[in-house]
Amino acid sequence: MAPFTATEIPPAMLAILSKITVTCFFASYLVVLVLELLRLLGRIPGRTAAVVAMMGIGLFTHLSYLLIHAMDHAAEQDAGLLASWSEWSSLLALGLAICFLIFYLRRPDTIISFFFLPLVLATIGLSVGLRGQEPFSRSEAAGVWGSVHGLSMMIGSGAVLLGFLACVMYLVQSWRLKHKRAGSARLRLPTLESLTRMNRRSLVVSTSFVALGVIAGVVMNLNRQGSVGWTSGGVLLSLLLFGWLVAVTALEYFYAPASRGRKAFYLALASLGFLVLAMIGVLGGTHGLTS
Amino acid sequence: MKLQMIGCSHHDAAVEFRERVSFNADQVADVLSRFRNRFPDGELVLLSTCNRVELYTSASDDSDLDRDSVAEFLAQQQELSVDEVIQQMIYRSGSEAVEHLFTVAASLDSMVLGESQISSQVKQAYDLACENGSAGPLIHSVFQAAKRAAKRVQTETQIHRRRVSVPSVAIGEVVPEVFDTLVDKHVVLCGAGEMGDETMRYLIQAGAKDVCVLNRSIERAKDLAESFGVKHAPWDDLLDQVTQADLLIGTTSSTQVILSLEQFESIQSARRDRVLLLLDLAVPRDFDVAIGELDNIYLYQIDDLQAACQRNRREREKEWPKAKQIITEETERFFKELNHRATGPVIQRLREQAHQVKADELARLKGKLQQRGLDEADSKEIEKSFDRLINKLLHPPLASLRDDAAEGHQRGLLEAIRHLFKLD
């Protein structure tokens, strides 16, 4: 197994990023929590912008720290990439922080920060506390990340199929309503509203899990062989599926008309097409075979 | 004591006659008072709705209060001729009258089979009779039994469960195919007339909170909106309201469409392709039919909803035999209980008479035997023996009497026992 290095990052930038410590992102999240707690004292102009900016800084430094630290750590000790309890705690904190930012951007008037941020800070504290523990070996790490990759891709694929089914049912229900079949006790379907919601949720779940699956796949490959075969069919088509899902999710949230009625069906149909392509790429090649 | 009914309904009398013979709530109370003065021993419940006028009467002596006397009384109240009343109104008595009342109360005789209003109207008529003192023992029994029969029909059949009015089908059956709830939906109701009022009731029942009423006369819109605690807006705001609407309902009496395709297309981009359900309950129609062809727009017109109403009516009619069977069972049960109650006093008097004879004979016998030294134990034994004798003698006639009561006193044993044992 070849050791993985951070040679792709320019040395100057690497030098700057290497100076990032846990304190940087911990402090960013703490500042966000303080800003949010100031709600108790009254309205502060620009607080939302400040929270978003500090969260942005926090997430950037958190992610950079994890990447740089993991690579350095693994290169020095020949241990697995992102393969220690400490790193997993830090990853968990990152996931929670990303979730918080998404929910916050959707409803900045809520006080979800009071609940999310203490947990984010606590998990960062836990990762610091677990630093002393020995990391898992590269083969063990590859096994763990392989499981996460497979499971996530499976859930993501299931969600794509579910979203497609929701859209097909939407079209049938829409046809029934257009043909004045409402009120018939037989052959009922869920409401248009339920089916729209089901499609929307499926899209979010599929995008999130495929994203997790792609990241886990990258980490698994780095652990297993020190590099990622970006040009292999399975990887390329999985990335294409991921890119498409991200685009559709963005369209869903930033351009509402795209998510309604027939248009949503076409998008779901295309998602299914990308999923089928990814499946062909994975099952038709050597993807997943270790030898 | 016998129940009799004289009345007319949409089945057998023209609306012109029903109008002449009907009473409003105030008049009913007066009629009940006048009836009580005229027939002090009589009982009366007067049921007057837009589809029927029926007088249910009973008296201890049937000869005092027969068909002619009730017809004459009714004719006097409404300035009709007795012949007219007798010719136009049907008459039922005894079990037929009871079965008819049960059928009416269970809404099986209504214009719209299974409509719920008639049950409460029957109850109101009975309550009014109770308040005015014109209800007696038979009326109490028969109306309580009618309530029980109506409840059984309601719970044991599907007859009341299908919606049959246009607004109820629109809100109760079409809306739940599109939306999960109306709580967070913007509903625009155009028109503040009778149909608007009825539709609003169903909207509120369905949980709609954000409702806006529009009407050409803003005063009427305001009145309707205020009576249901919702918003109203000037007619000129129609397009703005439609832009925000999730559910748009038309109930106006406008002779031209209030929303044309061109008008709708002008706001379509502002709606951002949101789903819109249009319920056009008006005749002539309120919304341009072409709007229903657009994507994400679902238009239901009155004819589409009438079809659902008819379908539901047919479903209700399928339940008719089951409901009718319940009415037959309840009528039989009522008479069984009534007859059983009628035998109670006779049985009691017969027993009292037998025990009186026993007591007299026992006293005479004990007096004689005590002179010969009758002890306490022997005295009790003799008393038990007399009791057994009476019970054995009375058992066969009483059992036969109960059986006869259960069959409606067809063999006349009640009267026979009364005469044989001189129980009057």
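All chains are named by letter (A, B, ...) in the order of the sequence lines, taking the proteins before the strands, and each is independently numbered beginning at 1. All values reported here derive from a predicted model rather than from experimental measurement. Any value given below was found using the heavy atoms of this structure, including those in side chains, with hydrogens, waters and symmetry copies removed.
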Rounded distance (nearest 0.5 Å) linking atom NE2 of H179(A) with atom OH of Y298(B)
11.5 Å
Nearest 0.5 Å, please: how far is CG in L192(A) from CZ in F179(B)?
8.0 Å
Do you know which of V175(B), D304(B), D295(B) has the most heavy-atom pairs under 4.5 Å to chain A?
D304(B)
Quick check on the interface: out of L299(B), L277(B), V169(B), who has the most heavy-atom pairs with chain A under 4.5 Å?
L299(B)
Just wondering, more than 12 heavy atoms not from K209(B) lying within 6.0 Å of its NZ?
no
Flag, side chain of Y300(B) to backbone of L177(A), donor-acceptor distance under 3.5 Å:
yes
Could you tell me whether the side chain of E177(B) reaches within less than 4.5 Å of the side chain of R181(A), counting heavy atoms only?
no
Is there a donor-acceptor pair closer than 3.5 Å between any side-chain N or O of K178(A) and the backbone N or O of I297(B)?
yes
Under 6.0 Å from the CZ atom of F228(B), do we count more than 12 heavy atoms belonging to anything else shown?
yes
Donor-acceptor pair, E193(A) side chain versus D180(B) backbone, under 3.5 Å?
yes
Evaluate whether atom CZ of F209(A) has more than 12 neighbouring non-hydrogen atoms of other residues, nucleotides or ligands under 6.0 angstrom away.
no
With a cut-off of 6.0 Å (strictly less than), are more than 12 heavy atoms of other residues, nucleotides or ligands near CZ of R201(A)?
no
Please classify the contact of E293(B) with chain A as side chain, backbone, both or neither, using a heavy-atom distance under 4.5 Å.
backbone
